[in-house]
Amino acid sequence: ALMARGEGDRGGMLAVQAPLADVERVMKEEKLDLVIANKNAPAQFVLSGRTGEIKRAADCFTKRSLKNTPLQVSAAFHSPLVAGAQKEFAAALEKTKFNKPQSRVYANKTGSAYPESTDRVREILSWQLASPVEFTAMVEKMYADGTRIFLEVGPGARLTGLASSILAGKEH
């Protein structure tokens with residue numbers, strides 16, 4: 001709902017199936033004005049930015065035979081293009097009661113467990129809207145902290161596949 005009021009180009013997102021070094025090389029060579037918004041797996045990254053730049057990026061990756069898919073999203077999430085909504089989101093979070101976590105809950109912005117301070121939880125959560133998603137680092141940290149069971153709730157098995165590719169060769 002917050003994004004619905006935005007004006008102008010709210011941007012888009014592009015998933016790229018390639019190692020990080022390849023994604024970064026193409027971005028540098030083509031001077032793509034995008035951010036790596038999601039680090040989903042060792043060979044899956046999502047770029048975020050202005051619509052025209054997303055289209056140009058798709059052409060650049062396709063020319064190099066790197067699989068890419070435009071995502072059906074309403075905005076360039078996890079990028080500066082949505083930072084304007086962060087203030088409203090933070091204000092909404094201020095009105096929400098947060099209890100001290102009873103178990104570890106991990107933040108995709110930091111890749112680590114949320115702190116005990118509810119004010120810090122609100123702050124980190126509010127910035128996740130415009131910050132890159134460190135999914136790979138988060139799953140690796142969860143594993144390092146002893147997590148071996150990852151449960152996906154909902155349709156499909158996308159996160160299960162990502163977690164399995166991150167933890168390839170490790171018991172989970």
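The structure presented is a predicted model; accordingly, all values stated were derived computationally and were not measured.
- Met142 CE to Tyr106 OH: the interatomic distance, rounded to the nearest 0.5 Å, is 6.0 Å.
- When all heavy atoms of Lys141 and Gly111 are compared, the pair lying nearest together is CB-O, 3.2 Å.
- You'll find the side chain of Val46 stays beyond 4.5 Å of the side chain of Ile36, heavy atoms only.
- Of the charged side-chain nitrogens involved, at least one lies within less than 4.0 Å of a carboxylate oxygen, so that Glu53 and Arg56 count as a salt-bridged pair.
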Apply the test side-chain hydrogen bond (donor to acceptor under 3.5 Å, both in side chains) to residues Asn40 and Thr136: give CA-CA distance (whole Å), side-chain angles for both, the deciding distance (0.1 Å), then the verdict.
CA-CA 5 Å; Asn40 288 339; Thr136 298; over 6 Å; no
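- A distance of 12.0 Å separates CG of Leu129 from NZ of Lys109, quoted to the nearest 0.5 Å.
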Using distance only, find each side-chain donor-acceptor pair of residues 13-25 under 3.5 Å and give its atom names and separation, not counting sequence neighbours.
{"from": "Asp22", "atom 1": "OD1", "to": "Arg25", "atom 2": "NH1", "distance (Å)": "3.4"}
{"from": "Asp22", "atom 1": "OD1", "to": "Arg25", "atom 2": "NH2", "distance (Å)": "2.9"}

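- Put simply, Phe45 and Leu32 are part of the same group of oily side chains (I, L, V, M, F, W, Y) that touch within less than 4.5 Å, one to the next.
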Show me the side-chain donor-acceptor pairs of residues 75-84 shorter than 3.5 Å, one per line, residues at least two apart or across chains.
{"from": "His78", "atom 1": "ND1", "to": "Gln128", "atom 2": "O", "distance (Å)": "2.8"}
{"from": "His78", "atom 1": "ND1", "to": "Ser131", "atom 2": "O", "distance (Å)": "2.9"}
{"from": "Ser79", "atom 1": "OG", "to": "Ala76", "atom 2": "O", "distance (Å)": "2.6"}
{"from": "Ser79", "atom 1": "OG", "to": "Leu81", "atom 2": "N", "distance (Å)": "3.2"}

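- Interatomic distance, Asn68 CG to Ile54 CD1, rounded to the nearest 0.5 Å: 10.0 Å.
- A single hydrophobic cluster is not seen to contain both Val105 and Phe135; linkage of ILVMFWY side chains at heavy-atom distances under 4.5 Å, directly or through other members, places them apart.
- Residues Leu159 and Phe150 fall within the same hydrophobic cluster, defined by Ile, Leu, Val, Met, Phe, Trp and Tyr side chains chained together at heavy-atom separations under 4.5 Å.
- Of all heavy-atom pairs spanning Glu123 and Ser126, the tightest one is O-OG, 2.9 Å.
- Judged purely by atom type and a 3.5 angstrom limit, Arg50 has no side-chain atom pairing as donor or acceptor with the backbone of Arg10.
- In this structure, the salt bridge (Lys or Arg N to Asp or Glu O under 4.0 Å) partners of Glu116, at least two apart in sequence or on a different chain, are Lys100.
- A donor-acceptor pair under 3.5 Å links the side-chain atoms of Arg148 to the main chain of Tyr143, judged by distance alone.
- Two residues are said to be in side-chain contact when any heavy atoms from C-beta on lie closer than 4.5 Å; Ile166 and Pro42 meet this criterion.
- Of the residues Leu125, Thr118, Val121, the one that meets the side-chain contact (heavy atoms from CB on, under 4.5 Å) test with Leu93 is Leu125.
- Separation of atoms OG (Ser164) and NZ (Lys170) is listed at 12.5 Å; rounding is to 0.5 Å.
- Linking Ile, Leu, Val, Met, Phe, Trp and Tyr whenever their side-chain heavy atoms come within less than 4.5 Å leaves Tyr114 and Met138 in two separate clusters.
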Requested in this report: Take Leu167 and Val139 through the side chain to side chain contact (heavy atoms under 4.5 Å, CB included) test and state the conclusion after the steps.
Outcome: CA-CA 8 Å; Leu167 300 174; Val139 171; 3.9 Å; yes
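- Remark: side-chain polar atoms of Asp33 are not paired, donor with acceptor, to backbone N or O of Lys31 under 3.5 angstrom.
- Side-chain atoms of Thr147 do not come within 3.5 Å of backbone N or O of Ile149 as any donor-acceptor pair.
- Ion pairing between a basic and an acidic side chain is recognised when a charged N comes within 4.0 Å of a carboxylate O; Glu30 and Arg64 show such pairing.
- In this structure, the side chains of Phe98 and Asp119 stay at 4.5 Å or more apart for every pair of heavy atoms.
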Q | side chain to side chain contact (heavy atoms under 4.5 Å, CB included) between Cys60 and Met27, worked out | A | CA-CA 9 Å; Cys60 293; Met27 290 178 68; over 6 Å; no
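- With a 4.5 Å cut-off on side-chain heavy atoms, Glu134 and Asn108 do not count as touching.
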